Enquirer: 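Here's a structure for you.
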Amino acid sequence: MHAVIQTHKLAKAVKGRTIVSDVDLTVKQGEIYGLLGPNGAGKTTVMKMLTGLIIPTSGEIMLFGKKLNESAKEGLKRVGSIIEYPIFFEHLTAMENLQLHCEYLGFYDKRAIRQALDLVQLKDIEDKKVKHFSLGMKQRLGIARAAITKPELIVLDEPTNGLDPIGIKDMRDLIRTLNKEYGITFLLSSHILGEIEQVADRIGVIRNGQLVDEVTLSDIRQQRTDYIELVTSNVQRTAFLLEHELHMANIKIVQENKIRIYDEGVSVGQISKLLVSQDIDIEEIQKHTSTLEDYFYHQIQGGDLA
Amino acid sequence: MIKLIELEWRKLERKKVMGEVVIYLAILMFLPVFLLKVAFADMPEVPFGNSYAEAMGLMLPIQLGFILFGASLINHVFIEEYKNKTMALSFGYPLSRQRLVMAKTLFIALAVFACTLVSFVLAGITTYLFDLAIDVIEGTPTAADLMTYAVRMVLHAVVVALASLVPLFWFAIWKRAVIRTVICAIFLMQLPNFLGLLRITLNPDLLYAIFSLLGVISVYLSVKLVNRLGDL
């Protein structure tokens, strides 16, 4: 699978303040890539640079294997996007906006406009001025515009912002449909893990303008660590017993009264039974599962996985 | 480039702009007669009504009014697009910002040039018809007068088109300030009058050459520096 987007040391500074630095991002053909990070982390800035809206201060962007810069923007013909929120010429009708878009891209297929509107389930709105549209309708129209020329890559910045729950679900379904049925690669951003998690194949975590991690969801699920946490007043003896009686090797004393047991195949019941038989008091014993949320929380906060 | 210029026209609020043009044309069409018959009626030292050749001295500066129309177009085509972020849409298309700015600038220049030409023709015809009816200018226009008017009309329309772009770089692309763009246009338009009031004598053709040069410099800087100033 070759890379649709590849950046090298991408950086943007505004008035001497670094917004994004050293971003090496790779989006592979056919995947849904989610850019995750808190508000102000630099997601939108990265997306703006990738879609030609702002010029990087330094670094390189390869789009479909070709360098993207002010004098070489041909790659953008193969990209659809909505950055921040869908922007239209509000005094023009939906149809006029879509026609303008097609003409700027040198795309002349009148049927495609109708198909794109059908795709996002916008009906009988062609002659309605965009200023009369709700945010949800604008979002749909934005997707229609992004998809109209059948691009190979669609970049959506916070695509569910301002949508109601039904709108969010529709958007998610639409992204999946376009990805699976039309093979369109997606680059999405969000500050909400739950949203990205439901559609993305791979996630890039951005923090303070830097891409700190790129990982597939399946990898994280495999890495997910379950453990049993035990609180007792006699940590040393407990650890000894677990090692020698239950043959555990993966034990960690995390506090003076707290032990974490990472070994699989031993139940809470077995441990409790052993410790009770040895007259060791158990203040608390609980099984923990670290979630995707834990993983990304630590990535975003800059900590290591527990 | 022609396609890009046409797209600029299609993006405009055309009814609003056409309305503006009609108002400008209507005012400038009757202004020479109004000035000759009303404003300068009791001023025998003002020579414009003495002959058609003298009237030319009045007809030319009046059409500087279209510099203000240029400012209005700069507002629609540049400042509003920056402010409502539709400029971002254009930056996302596979064409360079410099080409885009050039297309927008050419659109404004062509529109101002065309409107100024039309206005010259309408003002000339209206003044002549009024002259036939109520005797506004002494004598009748000669073939040489008509030829001079036609040539000056084209040259002057070029000057107005270029002068209308003077505020483009500093006030529109850099500062994105509507009011300052309009004030700059009014100042340029009124400069010949201000100079007269201050009793400063400056060859009008030299003044028009300076206006044109400033317009060209403004366009050059706009195209050259848009990559540095154009981020949203």
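In the text below, chain A, chain B and the rest are named by the order of the sequence lines, each starting its count at 1. Small disclaimer: the values here were computed from a predicted structure and weren't measured.
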Enquirer: Could you label the plane-to-plane angle of the B/Tyr93 and A/His101 rings as parallel, tilted or perpendicular, counting under 30° as parallel and over 60° as perpendicular?
Expert: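 Tilted.
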Enquirer: Salt-bridge test for A/Lys48 and A/Asp157: reply yes if a basic N is under 4.0 Å from a carboxylate O, no otherwise.
Expert: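 Salt bridge: no.
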Enquirer: With a 4.5 angstrom heavy-atom cut-off, is it the side chain or the backbone of A/Thr51 that approaches chain B, or both, or neither?
Expert: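 Just the backbone, heavy atoms under 4.5 Å.
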Enquirer: Scan side-chain atoms only and decide if A/His191 and A/Glu158 contain a donor-acceptor pair under the 3.5 Å cut-off.
Expert: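 Result is yes, a qualifying pair exists.
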Enquirer: Could you tell me which portion of B/Leu12 (side chain, backbone, both or neither) has an atom closer than 4.5 angstrom to a non-hydrogen atom of chain A?
Expert: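 For B/Leu12, the backbone is the part near chain A, not the side chain.
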Enquirer: Can you check whether B/Met153 reaches B/Met59 side chain to side chain, under 4.5 Å on heavy atoms?
Expert: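 Side-chain contact under 4.5 Å: no.
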Enquirer: Using heavy atoms and a sub-4.5 Å threshold, report which of residues 66-73 of chain B line up against chain A, by residue number.
Expert: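 The stretch does not come within 4.5 Å of chain A.
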Enquirer: Taking 4.0 angstrom as the limit, do B/Lys11 and A/Glu96 come out as a salt bridge?
Expert: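 Here B/Lys11 does not pair with A/Glu96 in a salt bridge, since their nearest N and O are not under 4.0 Å apart.
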Enquirer: Any pair with a residue in residues 105-116 of chain B that passes salt bridge (charged side-chain N to carboxylate O under 4.0 Å, His left out), sequence neighbours left out, goes on the list, sorted by first then second residue, please.
Expert: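 Not a single pair qualifies under salt bridge (charged side-chain N to carboxylate O under 4.0 Å, His left out).
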Enquirer: Taking B/Val223's backbone N and O only, do any of them form a donor-acceptor pair with B/Gln98's side chain (distance below 3.5 Å, no angle check)?
Expert: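 Present.
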Enquirer: Go through the atoms of A/Ile87 and report whether side chain, backbone, both or neither lie under 4.5 Å from a heavy atom of chain B.
Expert: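 It is both, since atoms from each part get that close.
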Enquirer: Who among A/Glu84, A/Arg145, A/Glu90 has the most heavy-atom pairs with chain B under 4.5 Å?
Expert: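 Max contact count across the listed options: A/Arg145.
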Enquirer: Do A/Asp127 and A/Thr93 get their side chains close enough for a donor-acceptor pair, meaning under 3.5 Å?
Expert: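 No pair is found: no donor N or O on one side chain lies under 3.5 Å from an acceptor on the other.
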Enquirer: Under 4.5 Å, heavy atom to heavy atom: which of residues 1-9 of chain B reach chain A? Give them by number, or say none.
Expert: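 From residues 1-9 of chain B, the residues near chain A are B/Lys3, B/Leu4, B/Leu7, B/Glu8.
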Enquirer: Quick test of your reading: applying ring pair (Phe, Tyr, Trp, His ring centres under 6.0 Å), list the pairs with at least one residue in residues 75-96 of chain A, sequence neighbours left out, ordered by first then second residue.
Expert: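 Found none.
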Enquirer: Counting only N and O atoms by type, is there a donor-acceptor contact under 3.5 Å from the side chain of B/Ser218 to the main-chain atoms of B/Leu165?
Expert: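 Flag set: sc B/Ser218 to bb B/Leu165 pair under 3.5 Å.
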Enquirer: May I ask you to say whether A/Asp118 pairs ionically with A/Arg111, meaning some side-chain N is under 4.0 Å from a carboxylate O?
Expert: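 Looking at A/Asp118 and A/Arg111, the cut-off is not met.
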